[in-house]
Each structure stands twice: as C-alpha cells, then as structure tokens.
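Counting starts at 1 for both ligands and their atoms, in listed order. We use all heavy atoms of the structure for the numbers below, so side chains are in, but hydrogens, waters and symmetry mates are not.
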Amino acid sequence: MKLNRRDLLKLGALAGGGLLLPVGLQQRSWGKEIYRGGNFPQDNDVDPIDPPRPFQVELPIPPILQPTRRDATTDYYTLTQRVGRKQIIPGLPATEIWGFNGIYPGPTVMARRNRQVIITQRNQLPDNVSTHLHGMSTQHEFDGYPVDFIKPGQAAQYKYPNLNQAATLMMHDHALHMTSTHVYRGLAGFYIIHDELEESLPLPKGYGKYDIPLIIQSKYFGPKGQLLYEVQGNQGVPGNTILVNGAPFPRMQVANRKYRFRMLNMSDLSAYIMRLSTGDPFIMIGTDSGLMPERKIVNNFRIGAAERYEFVIDFSKYPIGTQIVLQNLWDDITDPSPVMRFDVVRQEDDPSEVPVKLNPEAARIMNEEFVPANAVRTRKFEVGRNGGIWAINGMGWDTQRVDATPGNGDIEIWEFYNKAGGWWHPMHIHLLIDGFKILDRNGKPPRPYELGLKDTAFVGQNEHVRVIGKWSPFPGRFVFHCHNDYHEDHDMMSQFEVIGR
Ligand SMILES: [Cu+2]
C-alpha cells in the first residue's frame with residue numbers, strides 16, 4: 001500500500017493524531033531506539049500541528065558563503081556546524097535547528113569548474129557528523145564516507161576539485177544511521193558550480209535575483225514551533241508542512257519576465273509532482289549533473305529526494321497582479337496542494353532567452369560515451385525490504401563489504417529492480433564525474449525532463465531502471481544508496497570500490 005502524506009493525515013485524523021495507531025507506536029519506538037545517540041528531542045506526547053496557512057512568508061534566499069581566503073588555485077572556506085534558531089512558523093516561537101554556520105538552509109557555496117575549493121568543517125554539534133557534497137566527484141577521504149566521522153569538537157578539511165560541469169550540488173550530512181535526523185534538523189545547503197559554457201548562454205542570471213535556488217523539504221512541527229521527527233510506517237518522515245528555503249509555503253514577488261529555478265528536493269522521503277496552477281509549462285533546462293543537451297517543455301515533473309531539476313518559468317504573459325501557485329500533485333493527481341506562490345508585481349525588460357540546444361558536452365557524453373555498446377559489464381541490484389529493514393540485494397550496510405569493483409574508467413550498466421512495489425527509491429551513486437544516463441524504465445524511455453546527466457535515479461514501485469555511467473576518476477570505496485534518508489539509514493546503502501589508478 002502506498003501511504004502518502006494525505007493518507008497519513010487522514011489516518012491521523014481518524015485515530016486522533018495518528019500516534020495512537022499501534023503501527024505508529026511501533027515505528028516511534030524503533031526510531032527512538034535508533035536515534036538515542038542522535039540527540040533528537042523525542043516529544044512522544046506531542047502531536048504535529050496543522051500546517052500554517054500558505055503564502056504568509058516571503059521566499060528567503062540562502063546567503064552566499066564568503067571565502068576566508070583565495071590563492072592562485074583554491075578558494076578556502078570554513079563552516080561551523082552548530083545549533084541555531086530560526087523563525088519558521090508564523091506566530092510560534094523560533095525553531096531550534098542544526099545548521100552549517102547555525103543557519104538553515106546552509107549558506108550557498110559558489111564554485112568554478114576546475115578551480116579547487118577547500119572547506120574546513122568544524123563540528124560544534126553533540127553528534128558525530130560526516131559531510132558529503134552530493135554530486136561532487138572527489139577522493140574517498142573527502143567524500144563524507146559514512147563512518148569518516150568528524151567528532152564533536154573536532155574539524156576536518158574537504159578538498160573539492162570541481163572537475164564537474166556547471167551544476168547544482170548540495171552539501172549535507174552523511175553520518176552512518178544518522179543522516180535522516182541530521183538532514184531533517186537542517187544540515188543541508190546548496191553548492192553551485194559555474195562554468196564558461198553555462199555563462200555563455202543567455203539564460204536568466206544572477207543568484208537570488210533571476211537565478212533562484214529552491215530547496216524543498218517537508219517537515220512536522222509541534223505547538224512550540226519545535227521540529228517533530230515522526231517516523232511513519234518504517235518509511236521515514238513525510239511531514240505535513242512544505243518548506244521552501246526554510247519557509248513554509250512561501251510567496252515570491254517576480255517581474256513579468258523569465259526566471260531560472262534550481263529545485264532540490266531534500267525531504268526525508270517525500271516526492272512531488274510539480275505543476276503550475278495556470279497549467280502553463282516549465283522549460284526544463286537542467287538535471288542533477290548539469291545542463292541538459294536540449295531544453296524540454298513539460299507541464300509537470302516528478303522530483304524524488306535528492307533529485308535536482310532546473311527550469312525556467314516565463315512570467316511575461318501574465319498581467320501585473322497575477323498570482324501563480326506552484327502545486328504538488330503527488331498526493332492526489334486530481335487535487336493539487338500548494339508548495340509556494342509567485343506574485344507578478346512589476347514590469348521589467350527581459351534580455352534572457354532559453355536556447356533549444358544548451359549543452360553540447362552533455363550531448364556528446366550521452367550520445368557517444370554512455371551507450372550500451374561501450375559498457376564492459378552489467379550489475380543488478382534489487383532494492384526492497386528484508387526482515388523489516390530496507391536492503392540492496394537483501395543486505396544492509398556493512399563497512400567491510402564491497403558489492404562491486406569496477407575498474408577505474410569502466411563504463412557499466414547498473415540495473416535497479418524494485419519488485420515489491422510498496423515504495424519508491426531514488427537511487428544515488430557517488431563519485432561519477434558526469435553522473436549517469438537513465439537508459440530506460442521498464443523498457444520505456446525516461447521522461448523528457450530526465451534526458452540529462454543525473455546522479456540520482458527515481459526507481460518507482462514495480463520499476464526496473466537501467467542507468468549507464470563511467471566509474472571514475474578516483475579509486476577507492478564510495479557508497480550508493482537510496483536517498484530517502486530514512487531508507488538509507490536503515491539500511492539501503494552499499495558500496496563499490498573503484499580499482500586501479
Ligand atoms: Cu528507499
């Protein structure tokens with residue numbers, strides 16, 4: 001049975017809060033057991049409040065992090081992971097969060113392709129952390145391997161070569177069995193790579209002005225504004241309040257022109273089907289690993305945990321005063337629910353354009369390199385449950401076990417089978433410098449907006465998804481896992497080891 005957010009809310013209403021359900025109690029105690037070391041306040045007697053009325057708050061934009069120093073080759077940054085407080089729910093006290101520099105979402109790091117970034121991460125939290133830069137291709141020791149902990153009071157340096165194409169990445173915690181709570185509490189932020197190709201295109205430009213990051217996260221809150229980590233049905237935390245850049249169902253004032261958006265779903269497990277209340281299209285331009293070969297025009301798109309989609313909305317056709325709601329169709333395809341709203345409030349010239357062809361480098365990789373004839377082998381992974389624990393090929397995480405040993409530079413096809421049908425799993429593979437290409441899903445072509453390089457593949461109920469990529473450039477052990485963070489923690493994660501130099 002698929003339990004979506006709305007079903008859970010209905011169940012909750014019927015059972016007087018949902019937490020009286022025996023299954024709910026069981027899950028709560030499991031979560032409590034696992035997170036005993038996670039220092040998450042367990043408010044077992046508190047039910048989540050109803051979501052706040054939408055569109056009360058302006059969309060915030062995460063600040064750009066300033067480097068502590070630059071030299072000929074490298075930008076240096078320092079981030080301190082610590083407890084902070086943020087006013088999130090109107091009319092309620094500020095919410096305690098865990099954040100990079102104590103803010104949620106974390107500050108955005110701006111990087112340039114082929115220019116190194118070194119980030120010193122200081123841990124002033126009461127838990128072990130391990131910081132991963134999702135989408136970055138870097139050496140094992142800088143990848144946030146799940147047991148490479150930064151202990152409380154300690155610090156670690158991470159080197160990022162930024163060999164990747166221009167893309168929207170995100171920094172988040174990856175500590176073994178604690179990723180879900182840590183990310184839920186706020187340890188997530190953007191890291192954006194720019195390059196010359198992207199800058200040469202006439203797309204809408206200007207971070208926070210016409211180039212807008214949107215991190216989507218669904219959470220529960222208690223009556224004092226506190227975050228509630230309510231695990232439902234061994235799935236994770238669906239949440240009932242959608243935060244965009246940390247604000248509940250916000251509104252954004254826009255001019256009647258084109259805007260570029262970089263959407264990242266960093267929810268614990270929620271997936272969304274996004275559409276506009278006007279029925280007007282999104283011009284899709286980017287996927288997880290960078291700009292798509294060609295733009296694609298769609299009326300809606302699905303986004304699972306950790307996926308990124310970049311798109312342009314053209315507000316020029318709307319009269320001043322028009323309000324356009326970004327809506328979610330996931331819970332009920334016939335009954336859209338709000339995510340945020342765009343208010344067209346002013347007239348502006350628009351020099352931007354969205355070319356049909358965007359990224360010849362991605363086109364070459366997808367059409368010439370990532371083709372089955374170049375694959376040296378195929379591996380199969382079945383994702384599902386084993387004895388109540390999420391598993392890959394029936395197995396949970398084992399730091400000592402390696403489930404694949406590709407040679408450095410090998411092109412491989414990985415097949416993910418989700419036969420049980422009960423849930424979906426956005427499968428993420430670390431390291432791959434250009435991500436992968438989705439070959440097919442149940443033998444059919446991927447959706448139009450998936451026709452770009454990706455690092456996370458949505459594997460839906462009863463789906464069989466084939467991806468092809470190049471396992472390079474760094475040798476060593478790297479993880480692959482479901483990015484529904486609760487699934488990842490318990491225990492749908494494994495590792496491969498790239499062999500050779
Ligand atoms: Cu999963």
Side-chain angles (χ1 to χ4, degrees), residues 1-5 7-8 27 30-31 34-35 132 134 146 170 172-184 188 216-218 229-239 264-273 288 302-308 330-331 379-398 403 414-430 436 438 441-442 450 454-467 478-496:
M1 179 173 67
K2 180 186 132 189
L3 274 184
N4 62 38
R5 193 165 28 240
D7 289 335
L8 291 164
Q27 299 331 324
W30 189 35
I34 285 163
Y35 295 113
H132 173 56
H134 182 127
M170 71 282 202
H172 67 83
D173 186 67
H174 213 306
L176 186 66
H177 298 158
M178 294 182 287
T179 295
S180 172
T181 46
H182 288 178
V183 172
Y184 191 80
I216 312 283
Q217 296 178 291
S218 183
Y229 185 83
E230 299 289 352
V231 175
Q232 306 276 359
N234 265 7
Q235 306 300 346
V237 186
L264 155 65
N265 177 5
M266 211 57 192
S267 300
D268 193 57
L269 85 166
S270 299
Y272 308 88
I273 298 172
D288 308 336
R302 175 182 67 189
I303 183 165
E307 288 189 290
R308 284 89 75 210
W330 180 271
D331 294 336
R379 302 181 196 269
K380 296 181 196 303
F381 299 97
E382 188 167 338
V383 295
R385 260 195 249 247
N386 188 6
I389 294 290
W390 295 105
I392 299 175
N393 286 347
M395 295 176 284
W397 172 258
D398 179 346
D403 285 337
W414 283 26
E415 303 189 12
F416 295 105
Y417 290 84
N418 180 13
K419 293 176 180 168
W423 211 255
W424 65 90
H425 306 289
M427 297 303 295
H428 171 47
I429 304 175
H430 287 216
F436 50 69
I438 298 178
R441 179 179 280 113
N442 289 354
E450 294 177 308
K454 289 180 61 60
D455 58 34
T456 305
F458 195 101
V459 183
Q461 294 98 319
N462 297 306
E463 284 184 353
H464 162 217
V465 178
R466 297 197 310 151
V467 307
F478 297 88
V479 299
F480 64 104
H481 58 88
C482 175
H483 222 298
N484 293 336
D485 289 340
Y486 190 87
H487 296 190
E488 169 191 330
D489 279 350
H490 319 290
D491 219 21
M492 195 178 264
M493 179 163 70
S494 180
Q495 62 185 327
F496 58 90

*Asks:* Is the backbone of Trp397 close enough, under 3.5 Å, to the side chain of Asp491 for a donor and an acceptor to pair up by distance?
*Replies:*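 Yes: the side chain of Asp491 pairs with the backbone of Trp397.
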*Asks:* Does any N, O or S atom in His483 come within less than 2.8 Å of the Cu ion (ligand 1)?
*Replies:*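 For His483, the answer is no, given that no N, O or S atom comes within less than 2.8 Å of the Cu ion (ligand 1).
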*Asks:* If we check side chain to side chain contact (heavy atoms under 4.5 Å, CB included) with His481, which of these qualifies: His430, Gln495, His487, Met427?
*Replies:*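 Only one of His430, Gln495, His487, Met427 forms a side chain to side chain contact (heavy atoms under 4.5 Å, CB included) with His481, namely His430.
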*Asks:* Which atom name would you report as the N, O or S atom of His425 nearest the Cu ion (ligand 1)?
*Replies:*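 Of the nitrogen, oxygen and sulfur atoms in His425, the Cu ion (ligand 1) lies nearest to ND1.
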*Asks:* Could you check whether any side-chain N or O of Asp173 sits under 3.5 Å from a backbone N or O of His182, counting only pairs where one atom can act as donor and the other as acceptor?
*Replies:*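 Absent.
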*Asks:* Checking one value in my table: which N/O/S atom of His487 lies closest to the Cu ion (ligand 1)?
*Replies:*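 Going through the N, O and S atoms of His487 one by one, ND1 ends up nearest to the Cu ion (ligand 1).
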*Asks:* Rounded to the nearest 0.5 Å, how far apart are CZ of Arg466 and CZ of Arg441?
*Replies:*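 It is 13.0 Å, given to the nearest 0.5 Å.
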